[in-house]
Amino acid sequence: MIHTVVIRVKGYKMEKILYFDYCTIPVLIIVLFATLMRKMTKGLANRLFITIIILSCINTVFDLGMEFLNGDDQNVLLSVCCYGYYTLRNGTVVLYALFIFAITRTWYRLKSAALKVAIAAPYAVILVLLFTNPFTNKIFVISDANVCERGDWLIVFYGITAVYAVGELLYLIYCKRFLNFDKWVALMSLLVLSFIAVMVQLFYPHVLLEMFANSIALLLVALLVLRPEEMLSSSTVGLLSWKAYKMELKKIIATKQPVQIAVVRFVNAYEILTYLGEDRYYSYMRSVAEQVNQLYKKVYFELYFEHPDNMYIVFDSCDDKLEDETQKLYPLMKDRMKEIDSSGIIPEPRICMLRYPKDLERYEDIVILGHKFHGLIPYEQTFCRASDIIGTKDFEIGSNMDSILNRALTRQSFEMYYQPIYSLKEKKFVSAEALIRLNDLEHGFISPAVFIPAAESKGLILPIGDFVLESVYRFISELDFEKLGLKYIEVNLSVAQCLQKDLPQKIEELEEKYHVTPDKINFEITETTYENIGDVIHENLQAITARGYTFSLDDYGTGYSNIQRVSRLPLKIIKIDKTMVDDMDTPDGMTIMRNTVRMMKEIKKELVVEGVEQAEPLEKLAAMNCDYIQGFYFSRPLPQKEFVRFIMEHNGVM
Ligand code: C2E
Ligand code: MG
Ligand code: MG
C-alpha cells in the first residue's frame, strides 16, 4: 500500500475512514501511467480501460469531496460532488460491461438493439432518478446543516449496480472459453472485489472501501489482462505479435464473428532483411504499419506481424470497399521502401483478402492460407481473394494434410521408388536413391516436397521415416546386389529421425532382421541437420558411422552451403543440387560448378550431381571429373519392380 497513514475526519454522525480513498488515487495514477507508458492506447478495449481509470480517479475525488464538505458552508460544491459521484459510480459499471464486450471480442453483439437497451436502460433509470432528485430528494438530500444524507431510494442504486454486476458475471462465465484462465480470473476479480466492497460499505458506511477495491481490481486487469509483452511481436517493431493473431483468430472463430483479414506476405523478406539489417528492416515495417493506419483511418482493425514476412490486418467488418482500399497497399509499400533506402531494393508484398466465415471456417485453414497463398498465385499477381485460391488442389492438400498423412499411415499408401544413379567412371548404374511416394485416394499423387515438410511440422515424420527404413532394408534383402552391379542405396534421413535417441538401435535391429550389411546403405542428410547439431545428433551420427555406414550431404548449393563445415564432417559423398546444374548455362554458373567440383575432389569427397536432365550438362560434368549422375536424363524414380528391370537392362544383367 502506498499511503498507510490513517486519517480520520469528523463526519456528521460518525468518524469516516478515508484512507482507502487516499490510497485509491495513487493506485489509479500508477495504473494509468503504466497503461500509457506501455503504449496500450490503441484499440477499443484499451481506450475503454483508460476511460474507466480516469473516471474512477475523478470519482474518488468526488467521494473525498463529499466527506470533506459535509457540514461545511460550501453547499454548491457539496452538491456537485454528490451528483458527480453517483453519476460516475454507476457510469463506470456500464463502461466495465462495455470493456468486457471489447476484451472478449464480442463487441459486434452490441449491434443487437435488445442488448443495447438492456445495457443502457438501468443506467437511464439512474440518470432520471438523479435529475429528479433535487425535487424528490429520494436518492440523497443535503440537509440544512449541509450534510449529505442518504435518501430512501438510494437502495435502488445498489440494486441496479447488482443487476449490472450479475449480468457481467454471467456473461464472463459464458465467455470463459474465449479468455485465458488468468485473464478471466482478473476480470472476475473486479466484480468480486467490487461486490465485497459494496457490501462492506452498505453495512459499514463509515468505511469508504468501494473505490479502493475498484482500483485494485483495475490494477489486476492492467497486469493480467492487458499484457503488451505478450502481444508485441518485438519491442523494435511495436506491432501485435503472431501469437496475438492466433489468439485473436481463435476468439473470432469461437464467437463466429464475421471479419475480413488482409494477409500481406513479403515474398523477398529474407533478402531485404539481410540487405537492410534488422534495425532498418524494422523501421520499414513500422513505416508500413503507419501507412496501414492512415489508409484505414475510418474502420476498426488490428495489425499483427509475424516475423519476418507476414502481416495480418484484421477488420471488424466485411465490406467490398475494404478490398478496393487494400489493393492500394501494394504501391504504398513499395514507395515506403524508397524513404528507407535509396539503393533501389524493391519489396515484393503479396496481398490476400479473406472473409471469415464465408471463405474459410477452420482455424488451421486460415493459418495455412496465410502461409501458402503466395505460392498458389502467379508471381506477377500482387493481390488475390481467398475465394480464388480455395478449392485449388494445392490448397486442398495443404489444408487436409493431417488427415492425408494419417490415412496414408494407416492404409499404408506410401510406396518407395528408386532413382538410378550412374557412375561416370564405371559407365553403369551403381546405386539409387530411395524416394518416398504418396498416392492419396482422394487427391492422387502428392509430392514428397509437399508432404515431407508438412509431416515434419506435424510430428508425423518419425513413423514415415520408420516406414522408409523398413522398406529399404527389406528391398535390399530381396536383391542380389552383386549380380545387379549395385553397391549401395541412398536413404534420406530427416532431422527429426537423426534426433531420435534410439536411431542406431533401430538400424541395428533392421540389419539383423533383414541380414543387410552397412556397406549397402548410405544415409543422406542435409545441412539443416548440422545447423541443429546437438549431443543426440552428434552421438547418433558417430554410432552409425562406427557401425560402418557412410553419409552424404544432400542439396549442396542450396541454403548456406559452407565448405569449411563440409571438410570437417565425416561425409563420404556430396550431392550437388539441381539448382547448380540449372545455372550451368550461364558463364558464372559454369565457373561455380567447375570450382565446386575441383574443391570437393581436392578434399577427397565423392560427388553426385542431382537433377541432370540434358546431355549437355552431363558431358560438361563428365569432363570435370564428377563421379556420379542422378537425373531424369537417365531415369525418373521408379517403382521397385521397374527399377530392378531398368538396372538389369542397363547394367547388362541377363
Ligand atoms: P532430395 O533428397 O534432394 O531428392 C532428389 C529430388 O530430386 C527427388 O524429388 C527427385 O525426384 C528429384 N530429381 C532427381 N533428378 C531430377 C531431375 O533431373 N529433374 C528434376 N526436376 N528433379 C529431379 P522428390 O522425389 O520429389 O523428393 C523431393 C524431396 O523430398 C527430396 O529431395 C527429399 O528431401 C524429400 N524426400 C523424398 N523421399 C524422402 C524420404 O524417403 N525420406 C525423407 N526424409 N525425405 C524424402
Ligand atoms: Mg536426397
Ligand atoms: Mg537433393
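First listed ligand is number 1; within each ligand, the first listed atom is number 1.
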[atom] [closest protein heavy-atom partner, distance rounded to 0.1 Å]:
atom                    : answer
atom 2 (O) of ligand 1  : Asp554 OD2, 2.7 Å
atom 11 (O) of ligand 1 : Pro637 CG, 3.4 Å
atom 30 (O) of ligand 1 : Pro448 CB, 3.6 Å
atom 3 (O) of ligand 1  : Asp555 OD1, 2.9 Å
atom 18 (O) of ligand 1 : Phe632 N, 2.8 Å
atom 43 (C) of ligand 1 : Asn492 CB, 3.5 Å
atom 8 (C) of ligand 1  : Leu435 CD1, 3.8 Å

Does a sphere of radius 6.0 Å around [atom1] in [X] hold more than 12 heavy atoms from other residues, nucleotides or ligands, not counting ones at 6.0 Å or beyond?
X      : atom1 : answer
Glu642 : CD    : yes
Glu482 : CD    : no
Glu271 : CD    : yes
Glu361 : CD    : no

Proximal atoms of ligand 1 relative to [X] (non-hydrogen, under 4.0 Å):
X      : answer
Gly631 : 15 (N), 18 (O)
Glu524 : 2 (O)
Val612 : 18 (O)
Val468 : 41 (O)
Glu613 : 17 (C), 18 (O), 19 (N), 20 (C), 21 (N)
Gly611 : 15 (N), 16 (C), 17 (C), 18 (O)
Gln419 : 10 (C), 14 (C), 15 (N)

Original post:
Are the ring centres of Phe429 and Phe634 closer than 6.0 Å?
Top reply: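 Ring-ring flag for Phe429/Phe634: true, centres closer than 6.0 Å.
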Original post:
Using 30° and 60° as the class limits, which term best fits the ring planes of Phe266 and Tyr284: parallel, tilted or perpendicular?
Top reply: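 Perpendicular.
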**OP:** Measure the spacing between CD1 of Ile544 and CD1 of Ile521 and express it to the nearest 0.5 Å.
**Re:**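 Interatomic distance, Ile544 CD1 to Ile521 CD1, rounded to 0.5 Å: 10.5 Å.
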So, for [X] and [Y], which heavy atoms are closest and what is the spacing to 0.1 Å?
X      : Y      : answer
Asp309 : Ala269 : CB-CB, 3.4 Å
Ile389 : Phe395 : O-CB, 4.0 Å
Pro617 : Val612 : CG-CG1, 4.4 Å
Cys498 : Asn540 : O-ND2, 2.6 Å

Original post:
Which is the closest N/O/S atom of Glu433 when seen from the Mg ion (ligand 2)?
Top reply: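 Answer by atom name: OE2.
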Original post:
Are Arg636 and ligand 1 in contact, using a heavy-atom cut-off of under 4.0 Å?
Top reply: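 Contact absent.
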**OP:** Classify the side-chain pair Asn522/Thr550 by whether it contains a donor and acceptor separated by less than 3.5 Å.
**Re:**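 Side chains of Asn522 and Thr550: pair found under 3.5 Å.
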Is [X] in polar range of ligand 1, meaning some N or O pair under 3.5 Å apart?
X      : answer
Arg437 : yes
Ile436 : yes
Gln497 : no

Does [atom] have a protein non-hydrogen atom under 4.0 Å from it?
atom                    : result
atom 14 (C) of ligand 1 : yes
atom 38 (N) of ligand 1 : yes
atom 34 (O) of ligand 1 : no

Subject >> Listed partners of Arg636 passing salt bridge (Lys or Arg N to Asp or Glu O under 4.0 Å), at least two apart >> reply: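 Salt bridge (Lys or Arg N to Asp or Glu O under 4.0 Å) check on Arg636 returns nothing, list empty.
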Original post:
Backbone N or O of Ser431 within a donor-acceptor pair of the Tyr628 side chain at under 3.5 Å?
Top reply: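 Flag not set: sc Tyr628 to bb Ser431 has no pair under 3.5 Å.
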Original post:
From the Mg ion (ligand 3) out to just under 2.8 Å, does an N/O/S atom of Glu610 turn up?
Top reply: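 Under 2.8 Å: Glu610 contacts the Mg ion (ligand 3) through an N, O or S atom.
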**OP:** Examine all N, O or S atoms of Asp577, backbone included, and report whether one is under 2.8 Å from the Mg ion (ligand 3).
**Re:**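 No.
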**OP:** Verify the distance test for Asn492 against the Mg ion (ligand 2): any N/O/S atom under 2.8 Å, yes or no.
**Re:**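 It does: Asn492 brings an N, O or S atom closer than 2.8 Å to the Mg ion (ligand 2).
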Original post:
Has Glu524 got an N, O or S atom lying less than 2.8 Å from the Mg ion (ligand 2)?
Top reply: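 Here the distance criterion (N, O or S atom, under 2.8 Å) is met by Glu524, so yes.
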Original post:
Side chains of Met593 and Asp583: closer than 4.5 Å at any heavy-atom pair?
Top reply: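 The answer is no, as the side chains (C-beta and beyond) never meet within the 4.5 Å cut-off.
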Original post:
So which of Met416, Lys575, Glu610 gets nearest to atom 5 (C) of ligand 1, if we judge by its closest heavy atom?
Top reply: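 The residue whose heavy atom sits nearest atom 5 (C) of ligand 1 is Glu610.
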Original post:
Picking from Lys520, Glu511, Lys572, what satisfies side-chain hydrogen bond (donor to acceptor under 3.5 Å, both in side chains) with Tyr549?
Top reply: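 Of Lys520, Glu511, Lys572, side-chain hydrogen bond (donor to acceptor under 3.5 Å, both in side chains) with Tyr549 is met by Glu511 alone.
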**OP:** Angle at the Mg ion (ligand 3): provide the value between OD1 of Asp554 and OD1 of Asp555, rounding to 10 degrees.
**Re:**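 With the Mg ion (ligand 3) as the vertex, OD1 (Asp554) and OD1 (Asp555) sit 90° apart.
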